[in-house]
Amino acid sequence: MAQDKEMNHFEIVQAQFDENAKKCNLDSSMQEFLREAEREIQVRIPVEMDDGSTKTFTGFRVQHSTARGPAKGGLRFAANETIDMVRALAIMMTWKCAVVNIPLGGGKGGVAVDPRELSERETERLCRGWVRQVYDIVGPEMDVPAPDVATNPQDMLWIMDEYDTIARSRKPGFVTGKAVGVGGSLGRVEATGYGVIFCVREAFKRLNIDFKGATASIQGAGNNAQYCCAKFTEYGGKVIAMSCWDANAKKAFTYSCEDGIKPEDLFAEGTLDKFGTINPEKAKAFGWKQEDADAWIRKPVTVLIPAALGSAVHKDNVNGIDFNTVKVYAEAANSPTTPDADKVIKEKGVFVIPDFLCNAGGVTVSYFEQVQNNMNYYWPKGEVFEKLDHIMTSAFNDVIDLAEKEKLYTRDAAYVIAIQRVAHSVAGRGWVKTKK
Ligand code: GLU
């Protein structure tokens with residue numbers, strides 16, 4: 001595989017797919033079909049700003065696959081969004097839904113915008129504007145958005161309301177990750193982070209590691225990272241570092257605490273803003289030490305959890321990992337590891353839980369949310385977590401059992417399972433005629 005710099009995100013994940021298509025002996029016409037999205041759209045979204053001026057933003061929706069069910073995946077707000085980034089994330093949603101065996105395809109949406117520069121009203125207008133522009137190709141039976149980087153349950157309600165307004169109907173299953181009480185599922189907020197730690201728990205079982213005495217360092221302090229911290233601590237481990245982007249300082253920091261960051265401090269009023277930035281004053285009051293952005297990666301911990309953005313671990317910082325102590329590398333973010341860094345981590349024999357397995361808890365509870373919306377009957381939180389744990393644990397075991405049996409890297413084993421499931425649906429529908 002080529003070096004980091006030469007490839008964009010989409011090319012990286014396409015190359016991973018091509019390699020694993022070979023491992024599955026995938027028919028070449030099936031491979032050709034699956035390596036690109038079924039449908040993509042680029043739109044311009046004019047938004048009236050609070051000062052009366054109009055700004056126009058570029059938005060995207062990519063439907064990589066609808067073979068196993070409606071396309072499914074989040075909507076992100078990111079200043080440097082590109083169609084290739086959205087394509088990469090969309091194809092990964094297809095493998096994610098397939099590896100946990102939920103009946104959904106893969107998609108992703110994005111808008112090129114710095115969400116911190118929008119007021120609440122402007123954010124609402126942008127969400128509604130995005131729906132108006134993609135309306136024709138989305139819907140509860142075709143393509144179902146959800147929260148992702150820098151979008152949240154409130155944004156999903158505006159998205160739902162705009163869809164309902166245009167449709168002159170009530171279709172809560174059009175979008176997931178909605179606020180509880182307005183069609184959302186209990187447990188959706190915790191789902192991604194909890195799912196990550198369910199996987200870590202299963203990895204610990206296989207490696208004979210006890211949570212008592214185990215430590216973790218997490219990159220990020222957003223929704224996913226917060227609930228990784230909460231569950232890891234609940235199981236008896238200590239999260240000794242978390243990092244975050246500080247918009248005022250315009251750089252990232254790591255906050256560390258040898259005694260473990262207490263979830264009650266993290267969730268205390270005023271510690272975090274809605275984008276997952278830790279208030280430095282609060283951190284100081286809790287006795288957390290402020291360190292440089294990459295300090296989280298160098299911590300001598302049992303588990304490293306990149307839970308922020310893509311390509312966070314790359315060839316220039318991967319060697320900072322303390323390979324004597326780090327036993328598990330849990331990819332909570334989407335594509336946090338560049339191919340060069342992945343090679344190093346793999347060679348060192350660290351137990352890698354690949355992103356599209358590790359962070360599938362979010363979309364799994366999104367699926368539960370749709371099911372509840374369709375029944376118009378809502379489950380208690382305990383039932384949601386029990387079902388989530390069951391799905392995550394079975395998927396984890398399927399992947400790791402295959403990796404052990406076939407001597408495959410865990411990432412490749414996850415790909416093999418996912419690709420075979422999707423190809424089975426595509427062939428079954430008769431879309432691609434494969435050689436018998
Ligand atoms: N954005 C999340 C992900 O990347 C969740 C997607 C969803 O719930 O549809 O998995």
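Ligands are counted one by one from 1 in listed order, and the atoms in each one are counted from 1 as well. Along the sequence shown, residues are numbered consecutively beginning with 1.
In terms of protein heavy-atom proximity, atom 1 (N) of ligand 1 is nearest to Asp148 OD2, 2.7 Å. Atom 9 (O) of ligand 1 has Lys72 NZ, 2.7 Å as its closest protein atom, hydrogens excluded (heavy atom only). The shortest contact between atom 7 (C) of ligand 1 and any protein heavy atom is with Ala146 CB, 3.3 Å. For atom 5 (C) of ligand 1, the closest heavy atom belonging to the protein is Arg188 NH2, 3.5 Å. Among protein heavy atoms, the minimum distance from atom 3 (C) of ligand 1 is reached at Lys96 NZ, 3.3 Å.
At a 3.5 angstrom cut-off on N or O pairs, Asn359 does not count as close to ligand 1.
Against a heavy-atom cut-off of under 4.0 Å, Gly73 is close to the following atoms of ligand 1: 9 (O). For ligand 1, the atoms lying closer than 4.0 Å to a non-hydrogen atom of Met93 are 3 (C), 4 (O), 6 (C), 10 (O). Near Val363, the atoms of ligand 1 lying under 4.0 angstrom from a non-hydrogen atom of the residue are 7 (C), 8 (O), 9 (O). With ligand atoms numbered from 1 in the order given, ligand 1 contributes 4 (O) to contacts under 4.0 Å with heavy atoms of Asn334. Close contacts between ligand 1 and Ser366 involve ligand atoms 7 (C), 8 (O), 9 (O) [criterion: under 4.0 Å to a heavy atom].
When only modelled atom types and interatomic distance are considered, Glu38 and Thr66 share a side-chain donor-acceptor pair under 3.5 Å.
In this structure, Phe211 and Phe204 have tilted ring planes: the angle between them lies in the 30° to 60° band. The aromatic rings of Trp95 and Phe17 lie parallel to each other, with less than 30° between the two planes, well short of the 60° mark.
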Between side-chain atoms of residues 242-251 and protein atoms elsewhere (two or more places apart, or another chain), which donor-acceptor pairs fall under 3.5 Å?
| from | atom 1 | to | atom 2 | distance (Å) |
| --- | --- | --- | --- | --- |
| Ser243 | OG | Gly220 | N | 3.0 |
| Asp246 | OD1 | Asn248 | N | 3.0 |
| Asp246 | OD1 | Ala249 | N | 3.0 |

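The closest approach between Ala360 and ligand 1 stays at or above 4.0 Å for every heavy atom of the residue. Remark: distances from the non-hydrogen atoms of Lys108 to ligand 1 include one below 4.0 Å.
Screening Ile102, Asp143, Thr176 for a side chain to side chain contact (heavy atoms under 4.5 Å, CB included) involving Lys72 leaves a single residue, Thr176.
Within 6.0 Å of CD on Glu234 lie more than 12 heavy atoms contributed by other residues, nucleotides or ligands.
Here the two rings, on Tyr135 and Tyr163, have centers that are under 6.0 Å apart. Ring pair Phe267/Tyr227: centre-to-centre distance below 6.0 Å.
Heavy atoms of Pro145 found under 4.0 angstrom from ligand 1: none, in either backbone or side chain.
The list of salt bridge (Lys or Arg N to Asp or Glu O under 4.0 Å) pairs with a residue in residues 78-90, not counting sequence neighbours, reads Glu40-Arg87, Arg76-Glu81, Asp84-Arg87.
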